[in-house]
Amino acid sequence: MSEVKIVVAGPRGNMGKEAVKMVTNTEAFTLIAAVDSKHDGMKLSELDGFHGIDVPIYTDMQQCFEENDIDVLIDLTAPTFGKKHMQIAFENGVRPVVGTTGFTEEDITELRTTAEEKGIGAIIAPNFAIGAILMMKFSQMAAKYLPDVEIIERHHDRKLDAPSGTAVKTAQLISEAREQKAQGHPDETEELAGARGADFEGMRIHSVRLPGLVAHQEVIFGGVGQTLTIRHDSIDRASFMPGVKLAVDAVLQIDTLVYGLEHIVE
């Protein structure tokens, strides 16, 4: 297997640290550099937690790509940077694997057009946990038979966006299998605004943010005399790394943008 040369953006974050570890522990992968908002010109090994990982840190992604031969960018930064970083990657012939959320449908369309024009693969994944992907797939299957559904997603209290990208993606997949419909009593009222959660084509999405959580979601279906709950819990961010590795392998084989790991998980 040929060497895959990788840059990790956001190495100091919890996900970024795990990605650096995964890349350095995968025989076919080589970590070439890191892109960070600080520490320009330093070595990653000079930062706490990266002993022996002697690769350069850049604050300028364009400079990083110009000075190094890179195959794949793993971007685990913030939603405000994801689109910009993908555009820079495309311009430099680098294939991005992005774990940030907050992309609009217009963003996805625009980025997919650019990827196809340049013949470069790209993957955006709201969730890299294989179990979470299966949870979404199973929920889509269930919605065909149990169309009344609500989603409860729980994350750590440092997460910036609500609802989570996973919850939105789950709702989008479910909407492909059920007719749009209002749920609950037609005359119900909210005594406190937002009590019923966000409304996505009649489905309700509820977001919980608390310290001690990592990433959790349950999809609850209701039918006559029965309920069905499909739940996934990530209790350690290492749970996302098999999905990141899968995405890196897959992005080398495609020439378009794929949104969601469910499209590459058979």
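Bear in mind that the values here come from a model prediction, so they are computed numbers and not experimental data. Scope of the values below: all heavy atoms of this structure, side chains included, with no hydrogens, waters or symmetry mates.
Other residues sharing a hydrophobic cluster with V168 under the 4.5 Å side-chain heavy-atom criterion for ILVMFWY residues do not exist; the residue is a singleton. Applying the 4.5 Å side-chain rule to ILVMFWY residues, one finds M86, F90, V98, F103, L111, I120, I124, L257, Y259 in the same cluster as I108.
For K38, the NZ atom counts as loosely surrounded, since its 6.0 Å shell holds 12 or fewer non-hydrogen atoms of other residues, nucleotides or ligands. Residue E188 qualifies as enclosed at atom CD: its count of foreign heavy atoms under 6.0 Å is above 12. Within 6.0 Å of CD in E190 there are more than 12 heavy atoms belonging to other residues, nucleotides or ligands. The environment of CE in M42 is crowded: more than 12 heavy-atom neighbours from other residues, nucleotides or ligands sit within 6.0 Å. In the displayed structure, F81 atom CZ is contacted under 6.0 Å by at most 12 heavy atoms of other residues, nucleotides or ligands. The neighbour count for K5 NZ, taken as heavy atoms of other residues, nucleotides or ligands under 6.0 Å away, is above 12.
Residues L246 and I130 have side chains in contact (heavy-atom distance under 4.5 Å, counting atoms from C-beta outward). L228 has its side chain out of reach of Y145: every pair of non-hydrogen atoms, C-beta onward, lies at least 4.5 Å apart. Residues F240 and N127 form a side-chain contact, since some pair of their non-hydrogen atoms from C-beta on lies under 4.5 Å apart. Considering only heavy atoms from C-beta on, K137 stays 4.5 Å or farther from L173 through its side chain. Annotation: side chain of V219 is not in contact with side chain of T229 (no heavy-atom distance under 4.5 Å). E106 places none of its side-chain heavy atoms less than 4.5 Å from the side chain of E110. The side-chain heavy atoms of L44 and V8, taken from C-beta on, include no pair separated by under 4.5 Å. L73 places none of its side-chain heavy atoms less than 4.5 Å from the side chain of V97.
In this structure, a donor-acceptor pair under 3.5 Å is present between the side chains of D107 and T104. Side-chain polar atoms of Q217 and T166 form no donor-acceptor pair below 3.5 angstrom. For Q87 and H85, the side-chain atoms include no donor-acceptor pair closer than 3.5 Å. For the residue pair Q63 / E67, a side-chain donor-acceptor distance below 3.5 Å is found, with atom types taken as modelled. Side-chain polar atoms of Y58 and D36 form no donor-acceptor pair below 3.5 angstrom.
Judged by distance alone, the side chain of E3 and the main-chain N or O of A28 form no donor-acceptor pair under 3.5 Å. E46 places a side-chain N or O within 3.5 Å of a backbone atom of K43 that can act as its donor or acceptor partner. Remark: side-chain polar atoms of D199 are paired, donor with acceptor, to backbone N or O of G202 under 3.5 angstrom. For D236 (side chain) and A238 (main-chain N/O), a donor-acceptor pair under 3.5 Å exists by modelled atom type. Side-chain N or O atoms of R95 include none that pairs as donor or acceptor with a backbone N or O of D71 at under 3.5 Å. Formation of a donor-acceptor pair under 3.5 Å by the S234 side chain with backbone atoms of R237 is not found in this model. Within the 3.5 Å criterion, the main-chain N or O of V214 finds a donor-acceptor partner in the side chain of H216. Of the possible polar contacts, none joining the T26 side chain to the F29 backbone as a donor-acceptor pair under 3.5 Å is found.
L76 contributes atom CG, which lies 13.0 Å from atom NZ of K17 (distance to the nearest 0.5 angstrom). With rounding to the nearest 0.5 angstrom, the OG atom of S37 is 4.5 Å from the CZ atom of R12. In this structure, CG on D255 lies 10.5 Å from CD on Q253, to the nearest 0.5 angstrom.
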Self-check item: Test salt bridge (Lys or Arg N to Asp or Glu O under 4.0 Å) applied to K159 and D157, step by step
Solution: CA-CA 6 Å; K159 185 170 178 60; D157 59 348; over 6 Å; no

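For the pair I70 and V72, the tightest heavy-atom approach, listed with the atom from each and the gap, is CG2-O, 3.6 Å. Taking all atoms of both residues into account, the shortest heavy-atom contact from F65 to A89 is CE1-CA, 3.7 Å.
Taking a cutoff of 4.0 Å between a charged side-chain nitrogen and a carboxylate oxygen, E150 and R196 qualify as a salt bridge. A salt bridge links R154 with E218: at least one charged nitrogen is closer than 4.0 Å to a carboxylate oxygen. Contact check on D233 versus R231 returns a salt bridge, with a Lys/Arg side-chain nitrogen under 4.0 Å from an Asp/Glu carboxylate oxygen.
Here the rule is side-chain contact (heavy atoms from CB on, under 4.5 Å) with L31, and of V23, D54, I74 only V23 fits it.
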